[in-house]
Undergrad: 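Quick one: structure below, then a few questions.
Proteins come first, then strands; the chains are lettered A, B, ... in the order of their sequence lines, and each starts at number 1.
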Amino acid sequence: MQRTDSSGPGDIVLRCRDIERSFGGLKALKAVNLEIRKGEILGLVGPNGSGKTTMVNVITGFYPPERGTVTLFGENITRKRPHAIAARRMARTFQNLALFRGLSVLDNILLGRHVHMRPSAIATLFYWVWALREETRHRRVVEEIIDFMQLQDIRNEPVEVVPLGLQKRVELARALAAEPKLLVLDEPMAGMNQEEKEYITRFILDARDERDVSILLIEHHMDVVTAICDRMQVLSYGETIAEGKPREAIADPRVISAYLGQRAAKRQAGAGAAA
Amino acid sequence: MDFILLCELAISGVLVGLMYGLIALGIVLIYKTSGLANLAQGALAMAGGYATVAFATLAGLPMWAAIIAALALMWLGGMLIERVMLRRMIGQPVIMVIMLTLGLEIFLRGVGPGLFGSAVKPLDLGIRQAPIIIGDILINRAYLIGGAISALLIIATIALFNSQIGVRMRAVSDDQTASWSVGIRVERMIAIAWGLAAALATAAGILWGSVQGVDWSLSLLLMKALAISILGGLDSIAGVLLAAVVVGVAESLATGILDPLVGGGTRDIVASVIILMTLLVRPYGLFGREHIERV
Amino acid sequence: MLYRQAGIRHRRYAAERQLWPLTFDRVLVGGVVLFLLAAPFTLDRLYLGSYLLPWLLWSSAALGLNLLMGGAGQIHLGYGAVMAIGAYTSVHLVRSGIPFELALVLAGMTSAALGIVFGAAALRVKGLYLAMSTLAMQYIIDFTISHVPGISGGTQASLQVPRVTLLGMPVTGEVTPYYVALGLCAVITLFMLNVGRTSFGRALAAIREKDYAAEIIGVGTFKYKLLAFWVSSFIGGVVGAVLAVCYLRIVTPDQFHLDLSIQLVAMVIVGGLGSVLGSFFGAALILFAPIFFNNAIGTLATQFGLGISTDLRSHIPLMLYGALIILFLLVEPLGLAKIYDNVRKYFLVWPFRHVRK
Amino acid sequence: MQIDRRTLLAGGSALVLGQLPLPAFAQEKLIKFGAPQDFTKVYTFVTAEYSQGQRDYITLFNERGGINGFKVHLDVIDHGNDLPRAIEAFERYKREGYVLVDPLSTPMARGLVTRALEDKINMVTTLSGRSDAADGTVFPYVMPLSPNYWSQAALIIDFFLKQDKNLKGKKIVLVHIDTPFGREPIPIFQALSQRLGYEFQTFPYAPPGNDQSAIWPQVRRARPDWVIFWGAGVGQTVALSEAIRNGLPLDRLSSSVWLSESDMAVVGKDATKGVLKFEAAAGGREPKVIQDILKEVVAKGKGAGPEGKVGTSYYNIGVMMGAIQIEGLRKAFEKAPNGPYTGPWLNEGLRSIANFTAEGLLPPITTTKEDHQGGGRGRIVRWDGAKFVPQSDWGAAYQDVVWGEIRKYSEEFKKSGK
């Protein structure tokens with residue numbers, strides 16, 4: 001699929017306006033704005049505790065924000081339950097894996113198709129009449145994704161016995177099975193070695209290119225973010241401190257100070273001035 | 001409905017509630033340290049009652065010695081249960097632990113009556129039967145003494161939890177891994193909690209045994225104890241004290257006020273209604289801590 | 001070979017998802033079904049009426065509960081009360097002249113409607129707290145049944161079940177009730193087997209494993225928890241109705257006490273949480289262990305003149321029963337189904353033991 | 001769990017053990033009675049002693065040679081008050097040709113009624129079960145053979161009347177366990193209160209009655225002239241203790257039949273002096289049949305339980321039921337010595353017992369095709385600190401009211417199966 005490179009208002013996939021959310025006395029998000037355009041990969045970065053995951057949780061509906069609105073494809077979804085948001089073609093992966101133990105890899109990915117299926121107890125009872133055809137149809141889609149993510153060998157393994165790196169891939173496959181328009185990836189490369197990281201990076205890019213999906217990527221690894229993101233937004237203490245093209249954003253002194261501390265920022269700035 | 005009767009009912013409710021509270025205390029102790037629900041706590045009280053009767057009649061010990069012996073035996077028994085059974089249940093779903101303790105209850109309900117006979121056994125602490133009458137209000141001597149002893153034991157447990165060993169037990173209840181890393185012997189703390197819970201159950205078994213005699217029905221006190229521990233908050237020891245009084249008075253007044261209206265023993269379901277209401281309105285009880293789930 | 005996985009190739013997705021891909025399993029299932037169908041002609045009435053019939057009914061109930069506990073991960077300590085609702089509804093309906101077929105459905109509906117109330121608690125709380133609230137509801141329903149004369153049948157607190165007909169056949173004697181129970185059990189079993197391979201069952205499993213992750217992939221936990229309670233209670237209600245009509249033949253409040261609920265939970269767990277086969281194993285074990293221990297100890301005592309007191313003699317089965325539950329949880333928490341599976345796997349991969357997982 | 005030989009062995013041997021055949025008696029002709037009773041759950045307070053008495057009497061009968069070359073085999077088993085287990089036992093008995101079943105549990109008796117009637121096996125419901133089963137025309141195979149709760153209630157009120165000469169304006173309260181069994185006598189008390197003019201009030205307590213703390217203050221404040229407490233097992237001892245602790249006069253306190261010496265021992269033998277109860281069979285060791293048992297059974301080491309229990313109230317009730325069952329058997333042999341030895345055959349005998357007193361143990365029992373209660377006779381006894389002392393002669397009271405109730409409910413059973 002060809003990527004369109006326009007940025008008209010109709011192409012905004014997700015728009016967050018003035019999001020505020022606190023836990024106890026702690027303000028985790030302070031008037032954060034965020035926009036994702038069609039077909040782009042937006043990197044959301046920031047040091048630990050800067051509010052990235054909280055932001056994701058607000059977007060996906062886990063914590064309703066105290067103030068502000070979230071709009072998905074022009075529809076206000078601010079106080080919708082997560083499953084209702086999922087039905088609007090948003091999918092997500094978790095920082096600490098949230099696969100369903102006790103189910104096979106295949107069943108986990110099939111669960112990703114949930115929003116497209118019509119589960120019912122009656123259909124279950126009359127499986128051969130009502131459910132079988134639907135199951136088979138969705139199975140085809142899932143097999144395609146299994147091929148795409150190269151998970152054929154472990155298809156029938158219980159998901160908990162699969163190595164961690166592959167589990168991340170299964171989770172991504174589950175999210176893709178929903179055929180989302182917006183994919184939210186919460187640290188998909190945490191705890192991975194270089195080779196696995198490269199794999200996942202490739203899958204993310206392929207997914208964007210082949211499956212017509214916009215991506216919000218939360219990531220720690222700067223190298224990955226700068227390599228694949230179209231734009232980047234940096235959070236610190238619940239505020240946006242920088243935004244823009246990745247290379248520009250990471251050069252921003254406030255970003256450097258947020259990451260490396262005040263002194264390092266000054267030193268870097270001084271070095272820049274000297275040069 | 002006359003006022004004096006209300007007073008009498010309220011007083012007996014408070015006292016009986018405190019006696020229930022002693023069993024609830026064990027449930028809370030175990031939940032607080034190990035996060036497990038012990039549904040065999042009523043059966044432990046029954047076992048404690050039987051043990052006391054056995055020491056007093058079969059072994060011929062004087063009552064005070066029989067009580068000490070039973071407390072010691074049950075302490076060990078509690079630790080043994082933890083060591084042999086519950087420790088292996090760590091990481092299993094809640095329902096497994098519930099079923100295990102229910103199995104334990106069934107087992108104990110077979111052992112006590114099987115070994116010592118199923119007829120009701122008297123357990124005489126030497127409390128006189130004659131009532132205490134203040135003004136026009138009658139106070140039941142057996143419940144007065146039972147309630148007072150229970151209150152003392154509950155307060156003593158609260159005090160214990162503020163002592164050094166208590167601080168360690170609290171640490172265990174907060175975070176087992178962290179406690180481990182600062183050198184607290186988590187397993188030992190849990191074992192102590194079980195020993196203590198079994199001993200407290202025994203104390204309750206003895207008090208209730210002196211009131212109603214010892215037989216399998218002692219294990220039925222579990223339901224009241226559950227109501228108290230849920231109302232007070234499963235992880236709040238101080239909550240037991242207040243919840244015990246509330247449950248006791250509620251039951252007592254329900255008997256006095258509702259029974260004549262509906263013509264049935266409503267006391268049976270007061271505990272159930274309290275459990276249900278608590279869970280619907282304030283699931284973590286009056287003093288329990290709410291657990292926030294992190295995604 | 002009969003008992004090998006090797007060499008079985010599937011060409012269609014449906015074939016891969018069939019219930020018993022192995023020839024051996026198909027033969028076994030066929031054999032069991034044949035045996036059950038032929039039982040009234042081959043088996044002694046005693047075994048038919050007081051072993052097979054209650055076994056089928058208790059297994060059906062255990063399956064219904066297993067949908068909730070094993071399938072959706074919701075603890076229910078008040079399933080006996082759910083069955084009581086079904087039993088009382090159907091008996092009252094049948095007594096007022098409504099055909100049994102309709103009464104069965106309405107019994108299920110009533111149980112399901114009230115079962116949702118249990119489920120409503122599940123939306124607020126989970127785990128231990130859910131166990132407590134269902135326990136409380138068991139007590140409240142018991143109390144209601146025995147205290148409303150209109151339900152329990154007045155002073156004598158018993159309601160005889162009138163003779164009913166199902167699809168034109170009078171449900172009397174041992175044979176027809178047996179076939180009714182067998183039919184019901186077959187339907188529930190098929191349903192439960194299918195739960196394992198449809199989106200409905202997967203949605204429940206997702207809630208069981210991680211309810212927040214289930215939400216994020218689009219499973220409305222609210223809806224599906226209620227649905228699980230609905231379906232499970234419906235099954236419980238229908239089983240309760242059939243139990244009353246085909247087996248108990250007279251309903252009294254004592255029959256559906258907490259003991260029944262605990263018995264059913266024990267069946268589910270000893271059999272294996274979430275396992276269809278396990279429910280059958282568990283029901284057999286929990287239902288018959290006390291009878292079996294009792295008969296065995298009674299025989300031993302009279303045969304060999306064991307000099308033990310009546311009290312001890314009659315309480316030993318109770319101790320063994322309790323010990324059995326404890327042992328199962330400690331030694332094989334996955335239940336009888338897992339033990340069966342171990343045996344099966346042993347033969348499946350023989351002689352390559354190292355392949356076993 | 002790994003599968004190994006040990007598991008298989010254990011499972012296998014367990015399977016074999018359970019299915020051993022009945023004990024093989026030396027080629028004797030047997031009449032089989034089944035006693036599936038509750039030894040482990042609700043009826044534990046009575047079953048052990050009852051069963052001991054029943055078994056001792058049957059041993060006595062067998063030791064004396066039985067009847068017509070037949071001996072009685074009594075199969076005792078625990079049903080744990082659990083209906084599937086009781087049904088299993090019943091069905092097994094049916095298959096093995098048993099002619100009588102004695103479940104000694106009200107819920108089990110209720111649950112087995114339809115089966116007993118359909119399968120024509122005599123079900124004895126001693127001092128338990130449905131009170132209206134006294135109507136032999138509706139319940140041909142249900143045999144209370146003992147004064148039902150309505151007869152007991154009537155006799156208790158009759159005793160109060162004889163003490164006070166007049167009950168007009170008096171207050172009688174019933175403290176009862178809140179189960180069908182506890183609520184059962186209420187209609188009789190109400191009917192009699194209309195006839196005799198006393199005021200009647202009820203106080204239900206939750207089963208099993210181990211906690212009655214809130215009941216007795218109310219009873220005390222109600223200032224009753226007479227108190228009747230109606231429960232079983234732990235409910236009775238707790239009721240007694242609470243009555244004492246609330247300072248109620250014990251000599252105006254009466255129980256139904258379910259109060260025994262061991263209950264008094266639990267509360268305190270001296271503390272309970274004066275308490276009244278209904279009695280259906282004489283207590284103590286004086287009756288000739290108890291003496292015979294002591295001599296011919298217990299002294300020979302064939303007693304079914306501890307010797308100390310012989311002669312207790314519940315033991316004697318067990319003897320009473322053993323004796324009545326055997327008397328029914330005798331009558332059956334009189335009527336048809338050659339059998340066939342089936343349920344209906346024994347039924348004929350059980351329904352034609354005439355003036356049977358078991359040599360002074362019982363009030364005269366007479367059963368007919370209509371009356372399965374046997375006359376509803378009993379007496380009131382008073383605890384003197386060591387034993388229960390009779391306060392009245394054997395007799396029955398207000399049987400017109402009692403039978404009114406019996407007919408009312410048996411009609412309902414016949415008509416609508418309630």
Side-chain angles (χ1 to χ4, degrees), chain B residues 31 35-37 39-40 43 84-85 88-89 92-119 216 223 226-227 229-230 234 262-266 268-269 271-281 283-285 293-295, chain C residues 69-70 73-77 120-121 124-133 135-140 142-144 146-148 208 211-213 215-216 258 262 265-266 268-270 273 308-331 333:
Chain B
Y31 185 83
L36 301 177
L39 295 195
V84 178
M85 299 178 194
R88 303 173 67 162
M89 297 310 284
Q92 297 279 8
V94 183
I95 183 64
M96 297 290 187
V97 180
I98 291 179
M99 198 63 233
L100 183 79
T101 53
L102 283 174
L104 186 62
E105 144 138 16
I106 294 171
F107 179 73
L108 288 175
R109 229 160 55 188
V111 171
L115 292 183
F116 309 113
S118 46
W216 71 275
M223 198 60 197
L226 283 178
S229 37
I230 296 231
L234 267 174
V262 301
T266 48
D268 209 9
I269 54 163
S272 306
V273 172
I274 287 178
I275 290 180
L276 215 53
M277 296 306 285
T278 314
L279 292 178
L280 289 178
V281 178
Y284 301 100
E293 231 174 316
R294 297 252 172 234
V295 178
Chain C
M69 295 214 324
Q74 307 293 308
I75 302 174
H76 201 321
L77 291 183
R124 285 282 288 166
V125 294
K126 42 182 139 174
L128 175 62
Y129 291 94
L130 180 58
M132 294 299 114
S133 64
L135 182 68
M137 273 192 257
Q138 163 88 40
Y139 275 94
I140 291 170
D142 276 354
F143 181 86
T144 313
S146 74
H147 282 80
V148 179
R208 175 190 70 207
D211 51 3
Y212 65 91
E215 273 279 334
I216 211 68
L258 181 63
I262 292 179
V265 175
V268 169
I269 289 178
V270 169
L273 262 180
I308 53 174
S309 73
T310 320
D311 272 329
L312 186 57
R313 197 189 115 174
S314 49
H315 281 87
I316 285 178
L318 196 62
M319 295 182 217
L320 288 177
Y321 175 51
L324 190 77
I325 294 176
I326 296 174
L327 267 180
F328 256 100
L329 287 167
L330 293 182
V331 179

Undergrad: Write down the atom of His315(C), the atom of Pro113(B), and the distance for their closest heavy-atom approach.
TA: NE2-CB, 3.4 Å

Undergrad: Got a second to check how far Tyr129(C)'s OH is from Leu279(B)'s CG, nearest 0.5 Å?
TA: 8.0 Å

Undergrad: Could you tell me which portion of Ile325(C) (side chain, backbone, both or neither) has an atom closer than 4.5 angstrom to a non-hydrogen atom of chain B?
TA: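 Side chain only.
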
Undergrad: Please report the shortest heavy-atom distance between Gly114(B) and Met319(C), naming the atom on each side.
TA: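 Looking at all heavy atoms of both residues, the closest pair is CA-CE, 4.3 Å.
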
Undergrad: Measure Leu39(B) against the heavy atoms of chain C and call it side chain, backbone, both or neither at under 4.5 Å.
TA: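 Answer is side chain: those atoms of Leu39(B) sit under 4.5 Å from chain C.
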
Undergrad: Out of Ser146(C), Gly127(C), Ala266(C), Ala131(C), which one racks up the most heavy-atom pairs below 4.5 Å with chain B?
TA: Ala266(C)

Undergrad: With sequence neighbours excluded, tell me which residues meet ring pair (Phe, Tyr, Trp, His ring centres under 6.0 Å) with Tyr139(C).
TA: none

Undergrad: Give, as side chain, backbone, both or neither, the part of Val265(C) having an atom under 4.5 angstrom from any heavy atom of chain B.
TA: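 Both parts, backbone and side chain.
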
Undergrad: Nearest 0.5 Å, please: how far is CG in Leu318(C) from CZ in Arg109(B)?
TA: 6.5 Å

Undergrad: To the nearest 0.5 angstrom, please state how far the CG atom of Leu273(C) sits from the CE atom of Met96(B).
TA: 4.5 Å

Undergrad: Of the backbone (N, CA, C, O) and the side chain (C-beta and beyond), which part of Ile98(B) lies under 4.5 Å from a heavy atom of chain C, both, or neither?
TA: side chain

Undergrad: Tell me which of these, Leu324(C), Ile262(C), Leu320(C), has more heavy-atom pairs under 4.5 Å with chain B than the rest.
TA: Ile262(C)

Undergrad: Under 4.5 Å, counting heavy-atom pairs only, tell me which of Thr278(B), Thr101(B), Ile106(B) racks up the most with chain C.
TA: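 Looking at each option in turn, the highest pair count goes to Ile106(B).
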
Undergrad: Provide the closest heavy-atom pair for Ala136(C) versus Ser272(B) in the form atom of the first, atom of the second, distance.
TA: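 In this case the closest contact between Ala136(C) and Ser272(B) is CB-O, 3.3 Å.
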
Undergrad: Determine whether Leu330(C) and Leu100(B) make a side-chain contact, defined as any pair of heavy atoms from C-beta on separated by less than 4.5 Å.
TA: yes

Undergrad: Under 4.5 Å heavy-atom distance to chain C, tell me which part of Ile230(B) shows up: side chain, backbone, both or neither.
TA: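 Ile230(B) touches chain C through side-chain heavy atoms alone.
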
Undergrad: Where on Thr266(B) is there a heavy atom nearer than 4.5 Å to chain C: the side chain, the backbone, both, or neither?
TA: both

Undergrad: I'd like to know which of Gly322(C), Gly73(C), Ala120(C), Ala213(C) tops the heavy-atom pair count under 4.5 Å against chain B.
TA: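 Going by pairs under 4.5 Å, I would pick Gly322(C).
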
Undergrad: For the residue pair Leu128(C) and Leu234(B), establish whether any side-chain heavy-atom pair is separated by less than 4.5 Å.
TA: yes

Undergrad: Would you say the side chain of Ile269(C) lies within less than 4.5 Å of the side chain of Ile95(B), judging by non-hydrogen atoms?
TA: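 A side-chain contact under 4.5 Å exists here.
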
Undergrad: Do Met99(B) and Val268(C) come within less than 4.5 Å of each other through their side chains, counting heavy atoms only?
TA: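 Not in contact.
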
Undergrad: Between Met223(B) and Leu135(C), is there a side-chain heavy-atom distance shorter than 4.5 Å?
TA: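 The answer is yes; the side chains approach within 4.5 Å.
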
